[in-house]
Structure formats: structure tokens, C-alpha cells
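The structure appears right after this line, and notes come after that.
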Amino acid sequence: MLQTAAPDSSRADTLDPVVRSVKARAQEAAEGTATLGERGTDALAELVGLGETLTQDLVYTAILIVVLWAVRQIVLSVVRRRTADDARKLYQWRKGTTYAATVVGILALIWIWTDAIGSISTFLGLLTAGVAIALKDPLVDLAGWAFLIWRRPFATGDRITIHGHTGDVIDQRLFQFTLLEVGTVTGAGQSTGRIVHLPNGWVFSDSVTNHTGTFAYVWHEVPVVVTFESDWRAAKQILLDVAHECADHLSEDAERTLRRAAREYFIFYSKLTPTVYTSVVGEGVQLTMRYLVAPRRVRGSEQDVWEAVLDRFAARDDVDLAYPTSRVFHNYVEGKPEAGGPKREPESEEAG
């Protein structure tokens, strides 16, 4: 064992001076490079008339900007070659490299321009500020998610309208929520089959309409216009009977949900039963049915109402639906005598 160890020891003794010589030369080269850089900085400082420290920080800042820009361009060029014409991936890489370069640049600038970052808390504070500026929208979305969890303006399964989009909430995540769109293509309350992903931050900048929240019903109105010659009172009674038949059974449940909603919001209705309002439009007398309905049953209930109304109007001879028509009215022939119409002949007295 001692005989085999002797050659290794002699080799180590032989290589030791060589290693020390290489280290010394490397150190001298590094010192020479640093000295050259310092000389260049000093010359630049004298040329522009600024202090050495300020000039050095400006040089480092310029180098940082150039390096970050070059690295980003190299990454994007590689991505372009690999993704070909995929605009979505290229956009994502553009945004991602921009965010990364911004964060790295902010941290590097803090390091360059701040002489003393003495404590971890100070560094973390500056880091947090940089991240907040670079990732503003994702952080707003994260705050929106916290607001949705805390205040719960809507939950999964609710039907809402926000920023012009209406649909049923089918998913909630840290940065976005998802709607199953309804109503914009196939009609009132019907699903279009399209999935819409919306950022959580919209709850801070846009109003949110919850159709199925605390009060689970909405007031729905169906206008029906009958001709002026129709018996509008009989038509109004028919509409009132139809509205009661189609929606009266909801009044009791609506009262219960209203009492529950009143514990959280100042909601007050004096009347929850169906009603019919009368008004006059250009084509005739408009009778508007107003009744409560579940939001997802709006289209189905309106169909039931119209079918019942058409059947009952068809069974009467004194009620007709009105529609836009053109009519010529001769006042001197058809008008009332006191309003310029034809004069009535005086009745002749019979001879006694």
C-alpha cells in the first residue's frame, strides 16, 4: 500500500507549481480586464463630464438593455422557426418574453442603481413592486378571484351578464371564469354552445347582472296588441286568466325566496301575482302581461302563454290581433257629427 501511494504523492508535488502558475495568470488577466474597464469608464466620465459612479451605472444600464433585447430577439426568432405560422403561440411567446425581460430588467436596475440593499425585507419589497408593475393584469385577475370568493357576487351555476356577455357560470379559476353562452344567437335564454373565458378582473371594472342569484325569479312581460274595434276588456280578462294559469303557481315560492333575499338586500314587492297593463299604440290597444318566471324558463313560458292566447282569441268573434296596416279614414263620411262628420237628418214629426 505504501509503495503504490508514493508515485501519487510525487505527481501531486510535480503538478502543484503548474496549478499555482495557471491561477496566477488567470488572476492577472482578470485584474487587467478590470483595470481596462475602469480606464474606459474613467475616460468616458471625463468626456461627458459626469461622475465616475454615475457614468459606470449608465454604462451598465445600456449594456443590460442591449443584452435583454438581444436575448429576447434570439428567443423569438427560434420560436418563429419552430412554430411556423401559429399566431397564437407566437403571441404567447411575445407576451411571456416581454414579462420575463421586464422583471429581470427591473431587478437588475435595482441592483445597479441601489448601492445598499441591506436587508432581505427591502429586497423583497422592491421585488414585489417590480413584479406588480410587470404583471399588473394577472395580479388584478388574482385579486378579482379573491373578491369572488369573499363577496360571491355569483357562483358556479348562476346565469350572469358581464361586459355584454350572458351565460351560465361553469368554471371559476385563479385568473378567469368560464361561461356557457346563452341568448345571443338562438334566442332568449337558449344556449349557443359556445364557451367564453373572461378575466376575473372584470368584476372591478364592469357591472355584473346575476339573473339567478338571491332572488331566483325575473319579471317577464309579453305585449299583445288587439285592434281598436275589438272588445279589449274581454281580451284583457283572457290574458289575465292565461297569466294566472301559467305563472300563478310560482307566487308562493317567489314569496319564500323574496323573504330570504330581504335578509341580505332591501328588496320589497307589494305584489307578486300576474297582472295585465293597458296602453294604446299606433296599431291598436296594447295589453301587456307581466308575471314571474325562472330565468331559464323564459322562452318556454312565453311559448305556453302565446299558444294559450292564440287558441282563446280564435274562439271569439269580438277579439282580433292587430298588426301594422294602412287605412284611409274619410271623416266627412265616417266621422262623428260634432267632429266634422256627416250631419244627422232631423227626425220628422208625424202629423197628429
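None of the values given here were measured: they were computed from a predicted structure.
- A donor-acceptor contact shorter than 3.5 Å links the side chain of Ser191 to the backbone of Gly193.
- Side chains of Thr192 and Val182 form no contact here, defined as non-hydrogen atoms less than 4.5 Å apart.
- Between Trp145 and Val203, every side-chain heavy-atom pair lies at or beyond the 4.5 Å cut-off.
- In this structure, Asn200 contributes its side chain and Arg173 its backbone to a donor-acceptor pair below 3.5 Å.
- In terms of hydrophobic clustering, with Ile, Leu, Val, Met, Phe, Trp and Tyr side chains grouped at heavy-atom distances under 4.5 Å, Val281 and Val224 are assigned to different clusters.
- Rounded to the nearest 0.5 angstrom, His163 NE2 and Ser207 OG are separated by 10.5 Å.
- The shortest heavy-atom contact between Phe313 and Ala235 is CZ-CB, 4.0 Å.
- Remark: side-chain polar atoms of Thr227 are not paired, donor with acceptor, to backbone N or O of Ala322 under 3.5 angstrom.
- In terms of modelled atom types and a separation under 3.5 Å, the side chain of Asp158 and the main chain of Ala155 share a donor-acceptor contact.
- Cluster membership for Leu272 and Tyr217, using ILVMFWY side-chain heavy atoms within less than 4.5 angstrom, is shared.
- In terms of heavy-atom proximity, Pro223 sits nearest to Trp306 at O-CZ2, 3.6 Å.
- Residue Leu64 comes nearest to Gly105 through the heavy atom pair CD2-O, 3.9 Å, listed as atom of the first residue, atom of the second, then distance.
- Counting non-hydrogen atoms of other residues, nucleotides and ligands closer than 6.0 Å to CG of Asp317 gives a total of 12 or fewer.
- In this structure, the side chains of Val309 and Leu239 come closer than 4.5 Å at one or more pairs of heavy atoms.
- A donor-acceptor distance shorter than 3.5 angstrom exists from the side chain of Asn210 to the backbone of Thr212, with no hydrogens or angles considered.
- The existence of a salt bridge linking Asp231 and Arg233 is excluded, since no basic side-chain nitrogen approaches an acidic carboxylate oxygen closer than 4.0 Å.
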* Go through Phe177 and Ile162 one step at a time and tell me if the side-chain contact (heavy atoms from CB on, under 4.5 Å) criterion holds. => CA-CA 11 Å; Phe177 58 94; Ile162 180 172; 4.2 Å; yes
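- Within the 4.5 Å cutoff, side-chain heavy atoms of Val280 are placed close to those of Phe228.
- Counting heavy atoms from C-beta outward, Gln172 and Leu148 have side chains that approach closer than 4.5 Å.
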* Determine, step by step, whether Thr161 and Thr166 satisfy the side chain to side chain donor-acceptor pair (under 3.5 Å) criterion, reporting the C-alpha distance in whole Å, the side-chain angles of both residues, the deciding distance to 0.1 Å, and the verdict. => CA-CA 4 Å; Thr161 298; Thr166 300; 2.8 Å; yes
* Derivation of the side-chain contact (heavy atoms from CB on, under 4.5 Å) call for Asp320 and Glu229 -> CA-CA 8 Å; Asp320 285 320; Glu229 294 79 12; over 6 Å; no
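- Annotation for Ala243 and Met289: closest pair CB-SD, 4.2 Å, computed over non-hydrogen atoms.
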* What's the verdict on side-chain contact (heavy atoms from CB on, under 4.5 Å) for Ile65 and Ile63, showing C-alpha distance, side-chain angles and the deciding distance? -> CA-CA 6 Å; Ile65 294 173; Ile63 294 174; over 6 Å; no
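- Side-chain contact between Tyr291 and Thr273 is absent, with no heavy atoms from C-beta onward closer than 4.5 Å.
- Val78 and Trp69 fall into different hydrophobic clusters, where Ile, Leu, Val, Met, Phe, Trp and Tyr are joined by side-chain heavy atoms under 4.5 Å apart, directly or via other members.
- Note that the CG atom of Asp168 and the CG atom of Leu179 stand 8.0 Å from one another [nearest 0.5 Å].
- Ion pairing between Glu181 and Arg159 fails under the 4.0 Å rule for side-chain N and carboxylate O.
- At a threshold of 4.5 Å between non-hydrogen side-chain atoms, the residues Thr288 and Val276 do not count as touching.
- Between the CG atom of Asp171 and the OG1 atom of Thr156 there is a distance of 6.5 Å, given to the nearest 0.5 Å.
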* Leu180/Val169 under side-chain contact (heavy atoms from CB on, under 4.5 Å): CA gap, chis, key distance, verdict -> CA-CA 7 Å; Leu180 178 61; Val169 182; over 6 Å; no
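- The line from CG of Leu76 to CZ of Arg72 is 5.0 Å long, rounded to the nearest 0.5 Å.
- Between Val293 and the choices His220, Glu302, Arg299, the side-chain contact (heavy atoms from CB on, under 4.5 Å) rule is met once, by His220.
- Taking hydrophobic clusters as Ile, Leu, Val, Met, Phe, Trp and Tyr residues chained together by side-chain heavy-atom distances below 4.5 Å, Leu321 shares a cluster with Trp232.
- Other residues, nucleotides and ligands contribute only 12 or fewer heavy atoms inside 6.0 Å of the OH atom of Tyr277.
- Minimum heavy-atom separation, Val218 to His211: CG1-O, 4.0 Å.
- Within the model, atoms OG1 of Thr97 and CG of Leu68 stand 11.0 Å from one another, a figure rounded to the nearest 0.5 Å.
- In this structure, Phe175 is not a member of the same hydrophobic cluster as Val196, with clusters built from ILVMFWY side-chain heavy atoms closer than 4.5 Å.
- Using a 4.0 Å cut-off between charged nitrogen and carboxylate oxygen, Asp304 and Arg297 count as a salt-bridge pair.
- Between atom CD1 of residue Ile195 and atom CD1 of residue Ile170 there is a gap of 3.5 Å, rounded to the nearest 0.5 Å.
- In this structure, Asp141 contributes its side chain and Gly201 its backbone to a donor-acceptor pair below 3.5 Å.
- Put simply, the side chain of Trp219 reaches to within 4.5 Å of the side chain of Arg290, judged on heavy atoms.
- In this pair, His165 and Trp202 present their aromatic rings parallel. The plane angle is below 30°, not in the 30 to 60° band.
- A donor-acceptor pair is defined here as one N or O able to donate and one able to accept, closer than 3.5 Å; such a pair exists between the side chain of Thr102 and the backbone of Thr98.
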